[in-house]
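All remarks here apply to the structure that follows.
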Amino acid sequence: MAEEMRIVLRNYGKIDPLKIDDYIAQGGYKSLEKARSMDKKALMDEVKKSNLRGRGGAGFNCGMKWSFAASAQADQKYVVCNADEGEPGTYKDRLIMEGDPHTLIEGMAVCAYAIGATKGYIYLRGEYLFLVETLETAIAQAKEKGFLKDFDLEVRSGAGAYVCGEETALIESIEGKRGEPRFKPPYPPNEGLWSKPTIVNNVETYANIPVILEKGADWYAGIGVASYPGTKVLTLTGDVVNRTFFEVPTDTTIRDVVFTFGGGVRDGKRFKAVQIGGTSGAFIPESLLDTRVAFDDMNAIGATLGSGATFVMDETRDIVDVVTRIMKFFEHESCGKCTPCREGTARMHELMEKINEGQGSDKDTALLNKLGNVMTYSCLCGLGQASPAPALTTIKHFAADYQAKMK
Amino acid sequence: MVSITIDGIKASVPDGSTILQAARSVGVAIPTLCYHPDQSIKANCRICVCEVEGNRLLQAACSQPVAEGMVIKTRSPKVLEARKTILELILANHPQDCLNCIRNGNCELQDLAMEYCIRENPFEFKVRGYKKDFSTPSLFRDQDKCIMCRRCIEACSVIQSVHALGVENRGHHAMVVPTLGMDLIDSPCIMCGQCIHACPVGAIGEVEYIEDFLKAVADPDKIVVTQIAPSVRVAIAEEIGMSTGEMPMETFVTGLRQIGFDYVLHTNFTADLTIVEEGNELLKRLSTGGTLPMFTSCSPGWVNFCETFYPDLLDNLSTCKSPQQMFGALAKTYWAEKMGVDPSKVYSVSIMPCVAKKFEAQRPEMNASGYQDVDVVLTTREIGRLFRMSGLDFTKLPPSNFDSWMGAYSGAAVIFGASGGVMEAALRTVYEVATGKTLEDVNFTATRGITGIKDAEVDLDGTKVKVAIANGLANARKLMNQVRAGESPYHFIEIMACPGGCIGGGGQPITKANAKRVERIEAIYVEDENLPVRKSHDNPEVKALYDEFLHEPLGHKSHELLHTHYHDNQKKYL
Ligand SMILES: Cc1cc2nc3c(=O)[nH]c(=O)nc-3n(C[C@H](O)[C@H](O)[C@H](O)COP(=O)(O)O)c2cc1C
Ligand code: SF4
Ligand code: SF4
Ligand code: SF4
Ligand code: SF4
Ligand code: FES
């Protein structure tokens, strides 16, 4: 039977998050010390070799990203933690920050050393105000103990816009501007915050770093699926028995997540679909449940792993209605910068609403398909690119639900 | 250099080129909307997307740099579908108003709709229905036609440093609005009209006064008199399908008579007059310890800027009215008297490169003649429309001359149209007035060109005068901050609100790139070179004006008719 494996949540519930000595007693800050004793290139090679890939959604090789910023020439570099966690149903980053803030701080300090940064920001979701104190206390403790040296770390609260989780919108927001994505390239490791080389990583990504340095890249690379090794924290919501969180190796299948860890569908009902990765995640039917929760495996079925939010739906759910609400969400959250998303999200919602109200026809699903594809290919940022996925995947996998609503 | 393939064409292009630049260099056209050659890359319209082999997503050609071995397809089915869908999305809430639109026939969106054969739009047609903003006498905004490319915002913020425009709201509610959602007139907008040039569509335009003009022409009681600003001739050619500078002045004059003007006179005349007044004002300030540096005051967008952002420096502004307003004041006094006509019947129309002039003409203090000195201001573009409306064939029109009294001018007046021209014209006169010597070489080339800030030093027989020139208000701001800090080394500063000077004014034919402004500047200096009189104070009609009417520069009559005062117009919320 599949088993949980706790790496980023290793200290969760075991230590007092506000006591740095508890963290130290678990071997905390040893990895930072070790990192600082290493040659920077060797350090980044180690992170690369672990094949740790970003846990914020894009899945980029973490060590590789760091090495870009390390080799960029600049008088100032920044380390930023993306703790915006705006995805409905996701709270994995909160778990880490609330239960073990020092692992995040340690991970960021390692990055700062590796790339040569002296300033860092934790960009915290606006709704997580209650975590500001925890993080600031932890930072003060780490400073007092002398762990941070010349690395100055600051907490910044977000403004509540979903798009500010996108790394360049986040950077604009820290700069005090309207939270809108920038076009890429240039990528943040070359030109980020105030145009300086900047690493933006997710909370979960940083939290892996101390363990990788402690136990070695080879150990980490051997866990789960080789192309996306390690674990993933999944948060289960919807019509599932255990509405809770799990940290599992990436070779765990969706079926295990829903039925083993999740305990199956509630109230003895039948499974209909699961949406993984957040609001823009694909809707996955029964037939694809043997897919592993690893980046490329998910991509191969036209889905994404995203934040690891797992929303389970039973047979009674009105799929078309759910997707209509999702399209309304994206219409609202589009920042409005680029044409296909600004206009497209509103049109996707309009068409879904028409179908949901029984006024639609096959022409409308065809138009949704065309528009959704164009948005996927043409939008400026991930929000617009990913937003059509719920509509596109349900039209594909749940055609009968649409047919049932046609006039 | 990197080697790439575009639509099967192999090419070697410089490192760091974008796909758009690379494609253009091999003759492959890629459509754009948010791209502007003189602005930063925005990559927000997405109309330029292309396929790059190995990439699942399409790439924006305007922002994507090429890489070694890149294989690009600019018109694959996937690309065409994306572009067409994006156009359909834009058009599905764009007023279907081309026939009534100020940009009909000169609109980047209309061109694309034509090129991509947009026929039936699959999306439901829904115009947003925003309120049009006609709050200023100079320019209007029609937000329903806005495609959110943000080129106007960059023109206003970066080129002009005015920051009157910004984005409000998100998603499909996002819109361009003047500061705090106010009407343009209440915002810090200084009415330069540079946003009109930046706009690819008809979302911003000049307030037209064509109907007022036609009504006056139709009225037998009205004597319709016009003045043409120095920079209009070089640009008007572009409006009627000729090359920049190609319209002969004499044919232009005939054209104006054809569309209904009774008398065709020239702002160049009062440009010369301005130089005599302003040159003497400078010499007086220099000799009597007056406020220095003195700023030129002929650019009404710049005057608005000074009143809005530097009210503490209004004493530095020359009190001379702009040539347009000097002309207006004289047309209904000196000219009417000379011609023996009733000034109340004179309908004074100015033809200007500028939309701020429309505002200037309506300033309450501009009534020195006892009437509104200038009744209506028409831009070069409006005159272009009147010419087209009249169906004139300028290749066949016979030449004719300006009417006398206030029609004669020097080369110094002509160069008013280009940044640095007022300075050069002033120096030609100031030198001779101050030293009593004849200036052998009238060309001060240091003052010429489209460079943002230029400076020079002139030796007036031992007295060294330092001068500076700024075009575009972001450049002006730099000089102003220096003055405000008490660190300005200059005695005389020329400022033109618009990049390149009046040849790039907000009322000129839409300039899609600064290259066009440079072309117009060149045409201006050719005209100056070819004129027999090159110095303002040598203009025989100006001499006559002083002899018969004004008596002396800065005298009592001049003070009454040719000089003005300014107002603190600092916006309270700034
Ligand atoms: C609309 C949108 C929202 C996003 N929200 C988040 C978020 O809340 N947290 C996060 O870590 N990454 C988010 N991302 C991904 C970030 O852009 C970026 O890829 C990530 O922070 C990189 O860190 P990683 O390499 O550690 O994953 C979002 C992306 C998009 C397009
Ligand atoms: S895709 Fe949407 S959220 Fe992203 S830049 Fe475009 S409008 Fe903004
Ligand atoms: S802005 Fe262009 S497309 Fe729109 S109505 Fe005017 S001419 Fe037509
Ligand atoms: S007219 Fe000039 S100041 Fe006014 S909004 Fe346009 S660019 Fe800005
Ligand atoms: S008003 Fe014109 S220039 Fe400004 S954003 Fe709209 S379309 Fe672009
Ligand atoms: S021209 Fe490239 S995105 Fe607008």
Side-chain angles (χ1 to χ4, degrees), chain A residues 159-164 168-169 177-186 299 328-351 353-354 359 363-364 366-387, chain B residues 16 18 33-34 40-52 55-60 62-67 76 78-94 109 121-124 126 128 147-150 153 166-176:
Chain A
Y162 175 78
V163 71
C164 286
T168 56
K177 301 190 193 131
R178 196 180 143 92
E180 286 183 346
R182 301 173 178 172
F183 61 81
K184 298 184 262 189
N299 277 1
K328 184 175 178 184
F329 172 83
F330 284 117
E331 175 182 358
H332 183 71
E333 293 299 338
S334 163
C335 81
K337 179 169 178 169
C338 74
T339 317
C341 171
R342 179 180 66 242
E343 308 299 337
T345 49
R347 296 295 176 175
M348 292 291 284
H349 178 222
E350 175 185 278
L351 289 163
E353 206 158 44
K354 186 175 169 196
Q359 301 299 314
K363 249 174 102 177
D364 297 309
L367 186 54
L368 276 168
N369 255 329
K370 179 178 97 161
L371 174 58
N373 280 321
V374 168
M375 289 171 68
T376 307
Y377 298 143
S378 317
C379 283
L380 176 76
C381 90
L383 188 150
Q385 290 160 5
S387 66
Chain B
T18 60
L33 278 172
C34 67
S40 70
I41 292 165
K42 305 185 175 50
N44 62 34
C45 77
R46 316 304 288 176
I47 201 74
C48 67
V49 287
C50 292
E51 212 172 326
V52 173
N55 256 304
R56 200 174 59 90
L57 305 183
L58 299 177
Q59 305 296 327
C62 64
S63 67
Q64 181 65 42
V66 294
S76 67
K78 189 167 163 182
V79 167
L80 291 184
E81 179 176 71
R83 288 195 192 142
K84 218 170 155 163
T85 305
I86 291 167
L87 275 175
E88 286 165 353
L89 285 169
I90 296 173
L91 293 169
N93 51 35
H94 190 91
L109 178 61
N121 197 320
F123 301 107
E124 195 187 322
K126 273 186 193 165
R128 294 184 163 98
I147 59 162
M148 295 298 294
C149 69
R150 308 191 185 190
I153 298 177
V167 176
E168 204 171 72
N169 301 334
R170 293 194 315 185
H172 75 299
H173 299 292
M175 61 196 287
V176 173

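Letters go in sequence order (proteins before strands), and every chain restarts at 1.
- Between A:E350 and B:K126 there is a salt bridge, since a side-chain N of the basic residue sits under 4.0 Å from a carboxylate O of the acidic one.
- Taking chain A as the reference chain and counting heavy-atom pairs below 4.5 Å, the highest number among B:A174, B:P122, B:G171 is found for B:G171.
- At a 4.5 Å heavy-atom cutoff, B:V79 makes no contact with chain A through either its backbone or its side chain.
- Taking the side chain as every heavy atom from C-beta outward, A:K337 and B:M148 never approach each other to under 4.5 Å.
- Distance check: A:R347 CZ to B:L89 CG gives 7.0 Å after rounding to the nearest 0.5 Å.
- Ranked by heavy-atom pairs under 4.5 Å with chain A, the list B:R56, B:Q64, B:Q59, B:K78 is led by B:K78.
- Neither the backbone nor the side chain of B:L33 comes within contact range of chain A, judged by heavy atoms closer than 4.5 Å.
- One finds the CD atom of A:E331 at 4.5 Å from the NE2 atom of B:H172 (value rounded to the nearest 0.5 Å).
- Atom CZ of residue A:R342 and atom CZ of residue B:R46 lie 12.0 Å apart, to the nearest 0.5 angstrom.
- Using a 4.5 Å cut-off between heavy atoms, B:A60 does not touch chain A at all.
- A:C341 does not touch chain B: none of its heavy atoms, backbone or side chain, sits under 4.5 Å away.
- Counting heavy-atom pairs under 4.5 Å between each of B:N55, B:I41, B:I90, B:I47 and chain A puts B:I41 at the top.
- Using a 4.5 Å cut-off between heavy atoms, A:L380 contacts chain B through both its backbone and its side chain.
- Atom OH of A:Y377 is separated from atom CD of B:E51 by 8.5 Å, given to the nearest 0.5 angstrom.
- Within the 4.5 Å cutoff, the side chain of A:P185 has heavy atoms near those of the B:P65 side chain.
- Counting heavy-atom pairs closer than 4.5 Å to chain B, the top residue among A:P181, A:C335, A:A161 is A:C335.
- If you measure heavy-atom distances from B:E124 to chain A, the contacts under 4.5 Å come from both the backbone and the side chain.
- Salt bridge annotation for B:R170-A:E333: present, with a cationic side-chain nitrogen under 4.0 angstrom from a carboxylate oxygen.
- Contacts of A:K363 with chain B are absent, with no heavy-atom separation under 4.5 Å from either backbone or side chain.
- No part of B:R83 comes within reach of chain A, as not one of its non-hydrogen atoms sits under 4.5 angstrom from that chain.
- Ionic pairing of A:K370 and B:E88 is present here: one or more N-O contacts between side-chain nitrogen and carboxylate oxygen are shorter than 4.0 angstrom.
- If you measure heavy-atom distances from B:N93 to chain A, the contacts under 4.5 Å come from both the backbone and the side chain.
- You'll find the side chain of B:T85 reaches within 4.5 Å of the side chain of A:L371, heavy atoms only.
- Residues A:S378 and B:I86 meet the side-chain proximity criterion, which asks for heavy atoms closer than 4.5 Å.
- Relative to the six-membered ring of A:F183, B:K42 misses at least one condition, a distance below 6.0 Å or an angle of at most 45° to the axis.
- Listed here is the closest heavy atom pair of A:T376 and B:L57: O-CD2, 3.2 Å.
- With rounding to the nearest 0.5 Å, the separation of CG in A:N373 from CD in B:E81 is 7.0 Å.
- With rounding to the nearest 0.5 Å, the separation of CZ in A:R182 from CG in B:N44 is 15.0 Å.
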